[in-house]
Amino acid sequence: MPLFSEPRDRFLARLTAAVREPAADGIGVFDLVAGAAVEHLYCRYVGLALVAPRGHVVTQFRHRGRPLGGTGPETLLRERVRAWRTGAPRRWDRENTASVWSIWPLLRDRDLLGAFAVQWPRTYGPDPQAAPAFRSVLDLAASLIVRSLTIEELRRLHEELLDENEYLREEVKLRFHPENIVWVSGAMEEVVQTARRLAPTTATVLIEGETGTGKELLAHLIHEHSSRASGPFIRVNCAALPESLLESELFGHVRGAFTGATSDRKGRFEAADGGTIFLDEIGDVSRKLQVRLLRVLQEREIERVGDHRPRRLDVRVIAATNRSLEEEVAAGRFRDDLYYRLNVTYLRIPPLRERPEDILPLAEYFLDRYSRENFKQVESISPVVVDLLRAYHWPGNVRELQNCMEKAVILAPGRALIPELLPSAVTAATAQAHRVAAPGKDVAPDAALATLVHEWVTARPGLPRGEVYRRIVTAVERPLLAAALELSRGNQLEASRILGINRNTLRKKLRQHRVDPRGRRR
């Protein structure tokens, strides 16, 4: 009896065609292999057992044909899977009077995917020429099944990555949606509305603002609401790299362009093709590099370092700086032609001190965010802390406020933020803010209070005799009592020690000024 019922080359072609089908999975390839083996190799039985990833429990079983007596093939496959658990997997053969069994482990590297089993009549076993050829064909069949299982898994992982990528893009869009950028001031309203109008266009954008005002956040918002949202958003900090490295980072290089350039490398502009590149701190770029950036904006093409072949690009440029580029141009440190190319559309983000009405909404936003991220239950900001936050000038802008709130939430022992959790710079600034300045010198707090009292009395000349004293004392004592109670977390004994009065006096004054024992006015 011939080994193959059709020419061997044709049969091998039928096997290898299995993994060329885009939709072929491991089971589909097995069905093709098993059908070909039964029909063309005269096999009596072909079986497949798949195990759980990195495990040894059979999760799927499939077969073709009828075995020739003896141990059930499913039981045999399960036994072999358990046996391979303790040693290096290898093909296992067993002969009996009627047939020959060969079982192959399905391996990817050292990971066991399952087992592939074949039973054929005993008549093939003694043939010294047929048996090796027979097993080589089945070796190929086993490798094809492994390959198809690997392709199937890679296809599944690819689909999962696509789904995850889509989810992350939607999350980014949600994160940078204008409704999630916190502001109440008219100044920021104008900036966000302008960014919203710029987003659908292809115009180059220049963003100016102090460090920490949110220039990158605004650039993200423009990108995510443009037609390029599906493309990459590439950020480059031009101040973080020296000129030699920045040139290669932006434009890439070819092999041999400089010492250490062992292969061609794509730059950030090429990586951003079809999307947006964000050039942060553009004012720190050298004059030499400014010339190359001007060509990119004019010609929409780049040349890698060491190469003279231009490469066309489709990239939107958003640049940002914490300096005034107009002043840099006047001083001769920045090219005027590049400035005009960048300043097609212009946005200026005002510092936080120019929009103090945004301080409290931002603080509450960060309070909620870091409470959730750190599994804390910090729910409120005490009035004293609110005053401290509003009085501080925030030289680091929103980023400094964000860091301040994150630290305060992490260290908060209770449900409210208290002054002790704030940085010393914030609390010290409030003491400065309560001083009343006089020409050439600072006035002490006592003098400042005396000035305020004098202004308050003279502004109310129509009050009855004796009423001025009561009202001023009440106006001073009421917030003083509330602050002491808040600082002591409602402990009246501790509050009396803070104020330097006894507990009975404290209780009397709380009733007199109608102050809640927990620090709230009634």
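Since the model is a prediction, treat every value here as computed from it, not as a measurement.
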Roughly how far, to the nearest 0.5 Å, is the [atom2] atom of [Y] from the [atom1] atom of [X]?
X: L421; Y: K407; atom1: CG; atom2: NZ; value: 9.0 Å
X: T211; Y: R323; atom1: OG1; atom2: CZ; value: 10.0 Å
X: L218; Y: H223; atom1: CG; atom2: NE2; value: 14.0 Å
X: K288; Y: R292; atom1: NZ; atom2: CZ; value: 8.5 Å
X: L360; Y: D387; atom1: CG; atom2: CG; value: 10.0 Å
X: S371; Y: L417; atom1: OG; atom2: CG; value: 7.5 Å

At their closest point, which heavy atom of [X] faces which heavy atom of [Y], and how far apart are they?
X: A187; Y: P350; value: CB-CG, 3.9 Å
X: L422; Y: C404; value: CD2-SG, 3.8 Å
X: D358; Y: S185; value: OD2-OG, 2.6 Å
X: A363; Y: L401; value: N-CD2, 4.1 Å
X: G414; Y: V378; value: O-CG2, 3.8 Å
X: F334; Y: G283; value: CE1-CA, 4.2 Å

Any donor-acceptor pair under 3.5 Å linking the side chain of [X] with the backbone of [Y]?
X: D280; Y: V236; answer: no
X: E208; Y: L325; answer: yes
X: W394; Y: L389; answer: yes
X: H225; Y: L221; answer: yes
X: R355; Y: W183; answer: no
X: S248; Y: L245; answer: no
X: N397; Y: L352; answer: yes

Are [X] and [Y] close enough that some pair of their side-chain heavy atoms sits under 4.5 Å apart?
X: R300; Y: L313; value: no
X: V296; Y: F251; value: yes
X: T213; Y: V398; value: no
X: L246; Y: L250; value: yes
X: K215; Y: I349; value: yes
X: L293; Y: F269; value: yes
X: E364; Y: M405; value: no
X: L206; Y: Y339; value: yes

Polar side chain donor-acceptor pair, [X] to [Y], under 3.5 angstrom:
X: S286; Y: E243; answer: yes
X: N374; Y: Y370; answer: no
X: T202; Y: R228; answer: no
X: Q290; Y: R335; answer: no

| message | Using the rule given for side-chain contact (heavy atoms from CB on, under 4.5 Å), can you reason through T276 versus I234, listing the C-alpha separation, both sets of side-chain angles and the distance that settles it, and then say yes or no? | response | CA-CA 6 Å; T276 304; I234 304 297; over 6 Å; no
| Ionic contact status for E303 with R311, cut-off 4.0 Å | no
| Using 4.0 Å as the upper bound for N to carboxylate O, is an ion pair formed by D337 and R341? | no
| request: Apply side-chain contact (heavy atoms from CB on, under 4.5 Å) to the pair I207 and Y346, showing each step before the final yes or no. | output: CA-CA 6 Å; I207 304 174; Y346 174 80; over 6 Å; no
| note | From the list I277, T204, I222, side chain to side chain contact (heavy atoms under 4.5 Å, CB included) partner of R316 resolves to I222
| request: Begin from the C-alpha positions of Y392 and E400 and carry the test side-chain contact (heavy atoms from CB on, under 4.5 Å) through to its verdict. | output: CA-CA 11 Å; Y392 187 51; E400 184 182 6; 2.9 Å; yes
| After noting the C-alpha distance and the side-chain angles of R348 and E190, does the key distance pass the salt bridge (charged side-chain N to carboxylate O under 4.0 Å, His left out) rule? | CA-CA 10 Å; R348 177 186 177 271; E190 183 178 352; over 6 Å; no
| query | With sequence neighbours left out, what residues match E301 under side-chain contact (heavy atoms from CB on, under 4.5 Å)? | reply | R295, E299, P310, R312
| request: Show your reasoning for whether side-chain contact (heavy atoms from CB on, under 4.5 Å) applies to E281 and N322. | output: CA-CA 7 Å; E281 306 303 346; N322 59 3; 3.2 Å; yes
| task | With sequence neighbours left out, write down each residue that passes side-chain hydrogen bond (donor to acceptor under 3.5 Å, both in side chains) with Q193, or none if nothing qualifies. | result | E189, R196
| field | Aromatic plane relationship, H253 with F258 - under 30° parallel, 30 to 60° tilted, over 60° perpendicular | value | perpendicular
Please indicate whether [X] has more than 12 foreign heavy atoms, meaning atoms of other residues, nucleotides or ligands, lying under 6.0 Å from its [atom1].
X: E420; atom1: CD; result: yes
X: R255; atom1: CZ; result: no
X: E327; atom1: CD; result: no

| query | Pick one: which of R265, R235, R304 meets salt bridge (charged side-chain N to carboxylate O under 4.0 Å, His left out) with E249? | reply | R265
